[in-house]
Amino acid sequence: MPMFYGTEIASRMMLGTAQYPSPAVLAEAFKRSGAGIATVSVRREAGEDQAGQAFWELIKELNVALLPNTAGCHSVREAVTTAHMARELFDTPWIKLEVIGHADTLQPDIFGLAEAARILSEDGFQVFPYCTEDLVLCDKLLNTGCEVLMPWGAPIGTGLGLNNVYGLRSLRAHFPDVPLVVDAGLGVPSQAAQAMEMGFDAVLLNTAVAKAGDPAAMAEAFAKAVDAGAMAHAADPMEPRDMAAPSTPVLGKAFLE
């Protein structure tokens, strides 16, 4: 099972808490997914005795590790401020760091992300950066103190799957000992299985579950796909080849002249 900053998580699936049709559906999706981590946006929460208290109580009842995020932040200052709010509110050094650089694709601002990661790491945060699969950026993030990388599969909420398989495979090969989580863009369980077959440690999703016709059933389907992909990777799958190879032995077969 994945290990993040010295903490072992009981599931390779991480699930967001936004966009569900009701609190009951959210709770059932978490139950059926077995997700080990819940991400939650600070912007959806408030302190005690304020509007977000009911939501906070629901999140605590999920009984999973919490990963607050800086969703919607477009500058280093905004992300750092939001992270400090999250640490006070949720009493955790974990923070999923998002610094958005492009409004249409929600692509990370790679320069702002690296700077915010450096500031937060120096301040004692354990940073989970939402990033691209760029090797140079990821190396810089690790050098700032990050011990986990969360490259996107595709733009947030698109359901396009793994847009750059070559880049993701290269990232996995280049950083074999770094926990890697495919974050964003997954739409169906087969895409999650593909990520796990490539050797990624976990996947994080939200929209694909929350916006499904039956979110709880979709959450369970993703969980099964994640487990299947992880088992396949551990089983050392065969390498693809260009030429056909007979699966039935030809030794001892009669030949007609």
Hydrophobic cluster partners of Val188 (side-chain heavy atoms under 4.5 Å): none
Supply the members, apart from Tyr130, of the Ile/Leu/Val/Met/Phe/Trp/Tyr cluster built from side-chain contacts under 4.5 Å; use none for a lone residue. Ile100, Leu106, Trp152, Ile156
Check whether any side-chain N or O of Asn143 sits under 3.5 Å from a backbone N or O of Asp139 as a donor-acceptor pair, and report yes or no. yes
Kindly indicate whether the side chain of Val181, heavy atoms from C-beta on, has any atom under 4.5 Å from the side chain of Leu149. no
Would you check if Phe111 and Val99 make a side-chain contact, meaning some heavy-atom pair closer than 4.5 Å? no
Donor-acceptor pair, side chain of Thr105 and main chain of Pro155, under 3.5 angstrom: no
With distance as the sole test, does Thr39 use its side chain to make a donor-acceptor pair with the main-chain N or O of Leu67 at under 3.5 Å? no
Any side-chain heavy atom of Lys96 sitting closer than 4.5 Å to one from Leu204? yes
Main-chain N/O of Arg118 paired to Ser121 side chain as donor or acceptor, under 3.5 Å: no
Which pair of heavy atoms, one from Cys146 and one from Ala117, lies closest together, and at what distance? SG-CB, 3.9 Å
Looking just at side-chain N and O atoms, do Thr81 and His84 make a donor-acceptor pair shorter than 3.5 Å? no
Checking the side chain of Thr70 only, and the main-chain atoms of Cys73 only, is there a donor and an acceptor separated by less than 3.5 Å? no
Tell me, do Phe4 and Met14 make a side-chain contact under 4.5 Å, heavy atoms counted? yes
Cys138 versus Pro151: any side-chain heavy-atom pair under 4.5 Å? no
Side-chain heavy atoms of Gln19 within contact of Lys211, under 4.5 Å: yes
Tell me, do Ile37 and Val64 make a side-chain contact under 4.5 Å, heavy atoms counted? no
So the side chain to side chain donor-acceptor pair (under 3.5 Å) pairs with at least one residue in residues 188-206 (sequence neighbours excluded) are Arg172-Asp201
Could you report the tightest heavy-atom contact between Pro21 and Ala210, atom names first, then the distance? CD-O, 3.9 Å
For Leu141 against Cys131, the heavy-atom pair lying closest together: CD1-CB, 3.9 Å
What I'd like to find out is whether the side chain of Leu66 reaches to under 4.5 Å of the side chain of Trp94, using heavy atoms alone. no
Could Glu239 and Arg241 be called an ion pair, given the rule that one side-chain N must be under 4.0 Å from one carboxylate O? no
